Number of protein chains: 2
Amino acid sequence: MVQRGRRSARVSGDERQDAILVTAEALLASRAFDDVSIEDLARGAGISRPTFYFYFPSKDAVLLALLDRVITEVEHRVGHLPRDFESDPAGAWTRSIGMFVEVFVSHRAVSTAAIGARARNDEVRGLWSRSMQSWVDFSSDVIRAEQARGAAPAGIDAHDLAVSLNLMNERVITAALNRESPAIAETAALDVLSTIWIRSIYGSDNPGGR
Amino acid sequence: MVQRGRRSARVSGDERQDAILVTAEALLASRAFDDVSIEDLARGAGISRPTFYFYFPSKDAVLLALLDRVITEVEHRVGHLPRDFESDPAGAWTRSIGMFVEVFVSHRAVSTAAIGARARNDEVRGLWSRSMQSWVDFSSDVIRAEQARGAAPAGIDAHDLAVSLNLMNERVITAALNRESPAIAETAALDVLSTIWIRSIYGSDNPGGR
DNA sequence: TCGGTTATCAACACAGTGTTGACTATCTCA
DNA sequence: TGAGATAGTCAACACTGTGTTGATAACCGA
């Protein structure tokens with residue numbers, strides 16, 4: 001997906017490339033992206049700084065490659081999300097949001113770095129937006145369907161609602177992961193977010209009430 | 001509030017300091033914080049780069065000074081927000097959220113830059129968090145009161161709800177201002193956000209229904 | 001064993017930040 | 001009025017990190 005510095009894929013070269021990615025992910029776990037230099041990545045992969053440029057055109061490209069794997073996973077997961085919201089809407093939403101939370105938590109270093117780089121780098125922004133878009137498309141499809149079958153009240157545009165709720169998830173989860181202030185506890189996130197989604201989609205706590 | 005490079009406040013010096021702030025705000029309107037160099041700020045204020053350091057210890061300190069004025073305004077505004085939610089809860093929330101939106105829109109350059117710098121700079125993070133906290137305190141007080149008088153259902157922690165909704169506002173508005181994708185139209189924001197707030201606080205579109 | 005591709009890095013060029021030290025202008029009170 | 005103090009200014013320097021060049025070594029297939 002992401003462009004590399006050579007034509008064919010040989011063994012030793014790929015190992016180096018991988019070593020850079022592994023190093024990057026490891027370093028990002030303990031410090032911010034800005035505080036990791038190309039020198040650090042190169043040293044971690046056992047090469048010199050100029051050699052780094054043989055594998056990646058920039059530090060951002062490394063982040064992009066890491067993000068790329070996360071995005072692929074997200075799109076795969078979202079594609080397999082069940083859409084049977086008729087029988088247990090509240091549960092179904094909670095499970096979907098749970099998957100969103102899970103992706104963030106299991107890739108917290110990359111997520112945090114990507115969100116920081118988004119403002120600066122077009123490609124990161126594009127890639128990130130692709131992944132958010134897949135969540136938004138899923139949710140707005142479902143909301144529209146729920147409104148169509150009369151389970152959810154109209155009075156709000158399904159797309160706008162889906163975008164807002166997904167952006168809320170993004171922000172609330174990053175705040176929790178980074179222990180910002182204000183933020184909510186990581187453990188409370190799923191519960192609180194689900195409640196807001198359900199109330200604002202259905203106008204009630206207990207849609208399709210048992 | 002923010003520390004300066006000299007002891008007493010003389011005329012010429014203050015004008016210079018102000019010229020730097022004015023330059024910064026002007027440049028931030030057209031390009032990102034990272035793309036504005038200290039050289040640019042100095043030149044804009046009619047001084048050399050070393051002289052810049054006489055007035056501010058760093059580029060971040062300039063942003064901090066700009067942000068400081070915004071934060072002061074926010075705290076003042078929030079302090080004067082009416083708390084009479086009994087007669088017209090929906091309208092009262094919409095007006096409060098409208099003020100939040102207004103602050104962002106009228107200081108979009110500083111807001112965007114501050115959000116970007118937040119990840120990197122402790123002081124910016126602290127100052128930003130102070131302003132978000134004042135919105136959160138206001139909203140969670142009101143939500144708690146609404147729950148106490150039985151207008152809003154319990155079943156969700158008032159503080160966690162307030163934090164989540166305020167973070168949603170922050171994120172949705174910045175996405176709209178920066179024309180990110182996904183995002184909602186700037187003109188739709190107030191309406192969509194209000195609906196989500198009201199539904200998720202009251203579990204209904206029409207609390208205290210007329 | 002030769003020619004091309006892969007892989008490597010010392011040395012360089014450059015941009016931006018932050019510091020030093022010397023200099024000038026102004027103000028102050030004797 | 002004129003000798004310090006203080007405010008204000010900047011050329012020149014030191015440093016850090018990025019990205020580039022060109023020369024060189026290691027390998028691999030014909």
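Here is how names work: the chains are called A, B, and so on, in the same order as the sequence lines, proteins then strands, and each is numbered from 1. It should be emphasised that the depicted structure is a prediction, and the values quoted were computed from it without experimental measurement.
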Tell me which pairs pass ring pair (Phe, Tyr, Trp, His ring centres under 6.0 Å) where either residue lies in residues 171-198 of chain A, with sequence neighbours left out.
A:Trp93-A:Trp197

Stems involving DNA chain D: give each as a range paired with a range, ordered by first number, where a stem means at least three consecutive Watson-Crick or G-U wobble pairs under 3.5 Å.
C:1-30 with D:1-30

Pairs involving residues 88-103 of chain A, ordered by first then second residue, that meet salt bridge (charged side-chain N to carboxylate O under 4.0 Å, His left out) (sequence neighbours left out)
A:Arg77-A:Glu102

Measure the CZ-CG distance between A:Arg16 and A:Leu21 for me, rounded to the nearest 0.5 Å.
13.5 Å

Restricting to salt bridge (charged side-chain N to carboxylate O under 4.0 Å, His left out), what partner residues turn up for A:Asp141, sequence neighbours left out?
A:Arg83

Whole Å only: how far is the CG atom of B:Asp60 from the C1' atom of C:dT17?
12 Å

Would you confirm whether A:Thr174, through its side chain, and A:Arg171, through its main-chain N or O, come within 3.5 Å as a donor-acceptor pair?
yes

For the pair made of CD1 in A:Ile47 and C1' in C:dT6, what is the distance, rounded to whole Å?
14 Å

As an exercise, state the distance from CD1 of B:Ile201 to CD1 of B:Ile196, rounded to the nearest 0.5 Å.
11.5 Å

Quiz: residues 41-49 of chain B side-chain donor-acceptor pairs under 3.5 angstrom, not counting sequence neighbours:
unit_1  : atom_1 : unit_2  : atom_2 : d
B:Ser48 : OG     : B:Thr51 : OG1    : 3.2

Atom-pair distance (CD on B:Glu15; C1' on D:dA7), nearest Å:
14 Å

Measure OH/A:Tyr55 against P/C:dT6 and give the value in whole Å, please.
11 Å

Interatomic distance where CG belongs to B:Asp14 and P belongs to D:dA7 [whole Å]:
13 Å

Shortest non-hydrogen separation from B:Leu63 to B:Ala117 and the atoms involved
CD2-CB, 3.6 Å

Using a cut-off of 4.0 Å between protein heavy atoms and nucleotide atoms, how would you tag nucleotides 11-21 of chain D 5' to 3' with B, S and -?
BB-----BBB-

